[in-house]
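Here is the structure we will look at.
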Amino acid sequence: MLFPVITNEPDENMIIAASINSDGTLNLDRAVPAGGRGAHGIADGPDALFSQGAIKASAKGKVLATVNAGSNTVSLFSIDSRTPTNINQIGDVVSSEGEFPMSLAFNADGSRLCVLNGGAVNGVICYKVDKKSGLTAMPNTLRPLRLNQTTPATGPAGTASHVVFSEDGKQLIASVKGVPPTPGFLAVWDVQDDGSLSPDFKKIAPAKDGLLPFSMTVIPGKNAILATDAGLGFDIFDLKDNNKSSAIAIDGQVATCWSSFSKKTGNFYLTDIGTATVTEVHVDDNLKGSIVQQYPQLPGSATIDNDIATVNGQDFLYVLAPNATAVDVLLLDAPGSAKKISSLDISGPTKAAGITINPNNLQGMTTFTR
């Protein structure tokens with residue numbers, strides 16, 4: 001089982017690969033060049049790319065992809081299912097066909113990959129995934145967002161954030177944060193049978209009080225999205241009937257920006273960079289969202305990207321805490337009872353290996369389980 005993040009350093013972007021043990025804890029194994037350079041958006045502190053999904057694995061495809069935001073490229077790697085930290089680049093890096101690539105999404109079987117560019121040249125493009133030759137840009141998938149942005153992007157407000165496929169794979173969705181008091185939106189393209197995208201996107205605004213939609217996590221079986229909202233807490237977007245959408249406040253939140261879903265508990269887990277808190281959220285059959293529990297992490301650790309892996313029937317939440325140069329591991333044993341079981345130090349082993357780690361540049365998180 002594999003757990004990677006990217007260093008996102010401007011001189012050379014590296015993939016830091018850790019193995020996931022049978023008890024959910026992590027061991028740092030190796031660092032692999034990502035094939036390009038990282039970048040930091042025009043803002044201070046961690047969350048350099050203003051995004052979720054900067055590195056992404058496909059369990060079905062047995063492949064891993066990462067952005068190189070400073071090179072405007074995307075790289076693809078094979079994953080050895082017997083030794084998942086044994087990752088090897090496939091083919092050449094490819095142009096992201098835009099500037100400041102920040103987020104990636106595989107389709108369900110890992111045969112297609114889409115990238116979200118968030119710089120002055122922004123929008124999406126998709127690639128065919130070939131396990132021998134690498135990535136090939138697909139016709140009629142280069143689609144603009146037309147954001148008034150810079151390269152590197154200026155944010156966090158007003159930046160693109162995340163790209164995902166809908167649960168049925170028939171829509172590609174990008175989230176865009178607003179510039180207060182103007183709310184952001186989801187940009188939704190229809191995906192045709194040949195993988196091409198509709199010429200223009202449908203713009204979906206958040207419900208009243210929604211402001212800065214950031215990460216997006218599919219709500220299973222509902223054709224709906226839970227989006228973190230750095231200006232409020234979280235938004236629920238009903239992609240069938242926007243009248244059922246809602247915006248829910250998290251009291252005391254500062255910037256709730258990343259999210260993932262646990263099949264074991266049936267709940268969502270959101271991280272706040274400002275309060276270093278994990279918030280567990282339940283969404284019922286009527287798409288009503290509620291806060292189940294909150295789990296403070298190390299104060300000031302700036303919890304950002306997170307992901308969930310199932311290991312031996314148990315779900316574990318992995319949270320990147322760049323100001324602590326660490327990854328926190330929480331056992332999700334049951335709803336409302338997440339428990340931190342370990343923390344993996346990134347800085348010590350990487351420094352010993354001569355690899356540059358800057359807390360402000362660390363980004364991304366994904367997991368691969370066999």
Side-chain angles (χ1 to χ4, degrees), residues 5-10 13 37-56 66-72 74 96 98-105 114-124 145-164 173-180 182-187 206 210-217 227-235 253-260 270-274 302-307 319-323 358-366:
V5 300
I6 54 173
T7 63
N8 189 41
E9 287 295 311
N13 187 20
R37 300 183 305 277
H40 196 295
I42 300 173
D44 296 327
D47 185 29
L49 303 182
F50 314 125
S51 73
Q52 179 163 313
I55 185 168
K56 201 70 184 170
T66 184
V67 300
N68 297 299
S71 303
N72 301 326
V74 179
S96 70
E99 296 176 354
F100 200 67
M102 56 177 19
S103 182
L104 298 161
C114 298
V115 61
L116 173 64
N117 290 290
V121 182
N122 50 76
V124 298
L145 272 171
R146 303 182 185 91
L147 303 179
N148 182 19
Q149 261 299 345
T150 59
T151 300
T154 300
T159 57
S161 303
H162 195 194
V163 64
V164 298
I173 309 165
S175 52
V176 177
K177 310 172 198 72
V179 178
T182 304
F185 60 93
L186 301 189
L211 193 61
L212 299 165
F214 198 115
S215 70
M216 297 177 288
T217 303
T228 52
D229 189 320
L232 176 79
F234 62 98
D235 306 315
Q253 77 96 38
V254 173
T256 305
C257 298
W258 299 267
S259 56
S260 51
L270 288 50
T271 41
D272 184 329
I273 187 174
T303 50
I304 56 172
D305 298 84
N306 68 65
D307 200 10
V319 180
L320 181 60
N323 278 352
N358 181 335
N360 289 342
N361 291 333
L362 278 172
Q363 191 85 71
M365 175 170 303
T366 190

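Note that the coordinates shown come from a computational prediction; the quantities given were computed from them, not determined experimentally.
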Taking only residues two or more places apart in sequence or in another chain, which ones pass side-chain hydrogen bond (donor to acceptor under 3.5 Å, both in side chains) with [X]?
X	value
D305	Q363
T303	none
S71	none
N68	N13, T73, S75

Side-chain ([X]) to main-chain ([Y]) donor-acceptor, under 3.5 angstrom:
X	Y	answer
S215	Q52	no
S103	L116	no
N122	E99	no
H40	G45	yes
S96	V74	no

Heavy-atom pair of closest approach, residues [X] and [Y]:
X	Y	answer
V176	P213	O-CG, 3.4 Å
M216	I173	CE-O, 3.3 Å
P46	I273	O-CD1, 4.0 Å

**Study point:** Partner residues of F214 under the ring pair (Phe, Tyr, Trp, His ring centres under 6.0 Å) criterion, sequence neighbours left out
**Key:** W258
Check your understanding: Strictly by modelled atom types, are T159 and K177 linked by a side-chain donor-acceptor pair under 3.5 Å?
Key ->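 Indeed, the side chains of T159 and K177 share at least one donor-acceptor pair under 3.5 Å.
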Review point. Below 4.5 Å, heavy atoms only, C-beta onward: do T228 and L270 meet side chain to side chain?
Key: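 Yes, their side chains come closer than 4.5 Å.
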**Study point:** Counterpart residues, side chain to side chain contact (heavy atoms under 4.5 Å, CB included), relative to E9 (two or more places apart)
**Key:**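 Testing E9 for side chain to side chain contact (heavy atoms under 4.5 Å, CB included), a comparison that skips the adjacent residues, returns T7, T356, N358, N361.
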